[in-house]
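In what follows, a single structure is set out as structure tokens and then discussed.
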Amino acid sequence: MVGTVLTTSSRVESLASSGIHTIPKEYVRPQEELTGVGNIFEAAKKEDGPQVPTIDLKEIDSEDKKVREKCREALKIAATDWGVMHIVNHGISEELIERVKKAGESFFKLPIEEKEKYANQQESGQIQGYGSKLANTASGNLEWEDYFFHLVYPEEKRDLSIWPKTPADYIAATSQYAKELRGLASKILSVLSLGLGLEEDRLEREVGGIEELILQMKINYYPKCPQPELALGVEAHTDISALTFILHNMVPGLQLFYENKWVTAKCVPNSIIMHIGDTIEILSNRRYKSILHRGVVNKEKVRISWAVFCEPPKDKIILKPLPETVSETEPPIFPPRTFAQHIEHKLFRKTQEALLAKDV
């Protein structure tokens with residue numbers, strides 16, 4: 001959208017607060033995308049059917065080998081079966097997490113005119129900052145969300161000039177959280193490595209190691225929606241990352257496509273949701289799963305989520321199934337690609353699918 005002029009009316013928040021009773025047609029999803037979209041609060045209460053696993057990491061480094069292995073095996077099974085899990089006793093303090101949430105919520109409570117000072121410029125390639133999905137997807141649909149996106153780790157790669165100055169604690173809380181999350185990512189990658197029969201630091205090295213793996217945060221802001229049964233906050237996708245860690249404000253909205261149906265994730269107190277991303281799925285030759293998921297909106301409550309994507313360098317590493325995960329009976333599922341090529345492949349495939357759907 002070259003030459004797009006950003007105005008407050010471009011934001012979903014403005015639209016949602018304008019008093020509309022029907023959503024504009026560009027936000028209405030095709031019928032086939034709306035299967036399983038209903039009352040998210042009712043869906044989150046369901047006790048029957050599959051449930052996203054909760055993994056307790058308390059004993060992940062226990063000195064008792066049996067206890068330690070039991071904890072690590074549970075994580076491996078969840079990564080193999082679901083590719084997503086609630087993790088509890090993850091070692092990041094509840095106090096720090098609350099500071100991060102409070103800072104993000106406070107930013108989104110600012111007047112839109114104030115938030116616009118941090119607006120990104122997608123058409124010129126400046127993707128960090130405050131934004132909305134202004135450019136139509138190939139299918140012509142928009143997502144019911146605004147967001148704030150920025151690189152948060154390593155510290156020397158951050159651009160603090162685009163980080164919110166208000167609230168005052170935003171930079172300190174987010175920086176500390178990113179640092180602690182980076183340590184947690186190393187721990188998870190170590191367990192996943194061992195689960196594949198590899199040396200402990202192998203996956204960490206394969207995704208860029210301490211120097212090259214970057215953490216990018218996207219705070220998703222989903223306003224109340226007058227017709228939630230017709231819209232999506234985020235359309236169905238898999239994450240391109242190695243790992244993704246998600247906090248939320250305890251309003252349900254995450255759905256996972258598991259065993260050919262949409263499953264709504266419950267809100268588990270003091271947990272972080274963790275996804276296996278495409279990068280680990282590729283390296284493991286799909287022994288670990290990158291699950292299809294989406295964000296659903298509602299009429300009653302604003303939902304906010306904090307997603308941190310742990311991503312390898314774009315061009316320095318060739319992503320392909322590791323030799324140890326390949327055999328005659330398990331040939332490589334994925335061709336060699338850089339991370340940048342994988343992103344392009346996904347965008348191209350999505351565009352082609354959307355164009356084909358329009359032709360039908």
Side-chain angles (χ1 to χ4, degrees), residues 50 52-53 55 57 60 65 68-85 87 182 184-216 236-245 256-260 273-293 309-350 352-353:
V52 176
I55 305 300
L57 299 187
I60 197 168
K65 188 183 176 187
R68 182 175 71 243
E69 290 307 316
K70 186 180 176 185
C71 173
R72 294 181 174 194
E73 184 65 16
L75 194 157
K76 178 192 164 185
I77 289 169
T80 304
D81 183 25
W82 277 83
V84 65
M85 62 204 80
I87 53 176
R182 183 62 184 86
L184 179 60
S186 285
K187 197 170 283 191
I188 299 290
L189 288 169
S190 163
V191 172
L192 294 175
S193 248
L194 294 169
L196 293 172
L198 305 170
E199 56 272 30
E200 200 167 351
D201 66 344
R202 180 68 178 282
L203 282 180
E204 173 100 52
R205 284 189 280 118
E206 295 288 347
V207 298
I210 296 298
E211 299 80 19
E212 298 287 350
L213 187 72
I214 64 168
L215 273 59
Q216 312 218 60
H237 66 287
T238 60
D239 287 352
I240 55 175
S241 60
L243 300 171
T244 303
F245 296 93
L256 301 308
F257 197 65
Y258 180 76
E259 295 182 345
N260 294 314
I273 296 169
M274 189 189 80
H275 286 268
I276 302 295
D278 295 351
T279 298
I280 295 296
E281 181 180 70
I282 291 166
L283 293 170
S284 71
N285 206 26
R286 201 171 276 160
R287 292 192 194 175
Y288 297 134
K289 306 288 191 307
S290 180
I291 194 168
L292 191 69
H293 58 285
F309 306 99
C310 305
E311 298 181 356
K314 279 196 160 63
D315 298 301
K316 283 191 180 180
I317 292 169
I318 300 296
L319 295 178
K320 62 181 180 178
L322 298 174
E324 295 89 340
T325 67
V326 174
S327 65
E328 280 188 27
T329 55
E330 293 179 297
I333 298 168
F334 305 95
R337 289 191 181 107
T338 63
F339 187 60
Q341 287 168 337
H342 175 64
I343 295 169
E344 279 182 30
H345 166 72
K346 286 192 80 167
L347 290 173
F348 174 76
R349 193 174 66 188
K350 188 172 153 188
Q352 294 306 104
E353 286 171 357

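Please read these numbers as outputs of a predicted model, since none were measured by experiment.
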Tell me, please, which residues at least two apart from [X] pass side chain to side chain contact (heavy atoms under 4.5 Å, CB included).
X: I317; result: P313, L319
X: E206; result: R202, L283, L322
X: E200; result: S190, L194

Atom [atom1] of [X] and atom [atom2] of [Y]: how far apart are they, to the nearest 0.5 Å?
X: E311; Y: E212; atom1: CD; atom2: CD; value: 13.0 Å
X: Y288; Y: D81; atom1: OH; atom2: CG; value: 13.0 Å
X: S193; Y: E199; atom1: OG; atom2: CD; value: 7.0 Å
X: S290; Y: I240; atom1: OG; atom2: CD1; value: 10.0 Å
X: L198; Y: L189; atom1: CG; atom2: CG; value: 11.5 Å
X: D239; Y: T279; atom1: CG; atom2: OG1; value: 9.5 Å

Suppose we screen for salt bridge (charged side-chain N to carboxylate O under 4.0 Å, His left out). Which residues come up paired with [X], at least two apart in sequence or across chains?
X: D201; result: R205
X: K314; result: none
X: K70; result: none

Could you pull out all residues at least two apart from [X] that satisfy side chain to side chain donor-acceptor pair (under 3.5 Å)?
X: S241; answer: T244
X: T238; answer: D278, K346
X: E73; answer: none

(message) Let's go through H342 and I282 carefully: what are the C-alpha distance in whole Å and the side-chain angles of both, what is the deciding distance for side-chain contact (heavy atoms from CB on, under 4.5 Å) to 0.1 Å, and is it a yes or a no?
(response) CA-CA 10 Å; H342 175 64; I282 291 166; 4.0 Å; yes

Quick one, [X] and [Y] - any side-chain contact, counting heavy atoms below 4.5 Å?
X: K316; Y: F339; answer: no
X: I276; Y: W82; answer: no
X: I60; Y: R72; answer: yes
X: L192; Y: L75; answer: yes
X: M274; Y: L184; answer: no

(message) Tell me whether E281 is salt-bridged to K289, with the criterion being a basic N under 4.0 Å from an acidic carboxylate O.
(response) no

(message) Between T325 (side chain only) and P321 (backbone N and O only), is there a donor and an acceptor less than 3.5 Å apart?
(response) no

(request) Mind checking ring-ring contact (aromatic ring centres under 6.0 Å, His included) for F257 and listing every partner two or more places apart, or none if nothing turns up? (result) W262

(request) Check ring-ring contact (aromatic ring centres under 6.0 Å, His included) between H293 and all other residues, then give those that pass, not counting sequence neighbours. (result) H237, H275

List the atom of [X], the atom of [Y], and the distance in Å for their closest heavy-atom pair.
X: T338; Y: I318; answer: CG2-CD1, 3.7 Å
X: I210; Y: S186; answer: CD1-OG, 4.3 Å
X: A79; Y: M85; answer: N-CE, 3.7 Å
X: F245; Y: C310; answer: CE1-SG, 3.8 Å

(message) Test: salt bridge (Lys or Arg N to Asp or Glu O under 4.0 Å). Region: residues 332-341. Which pairs qualify, not counting sequence neighbours?
(response) none

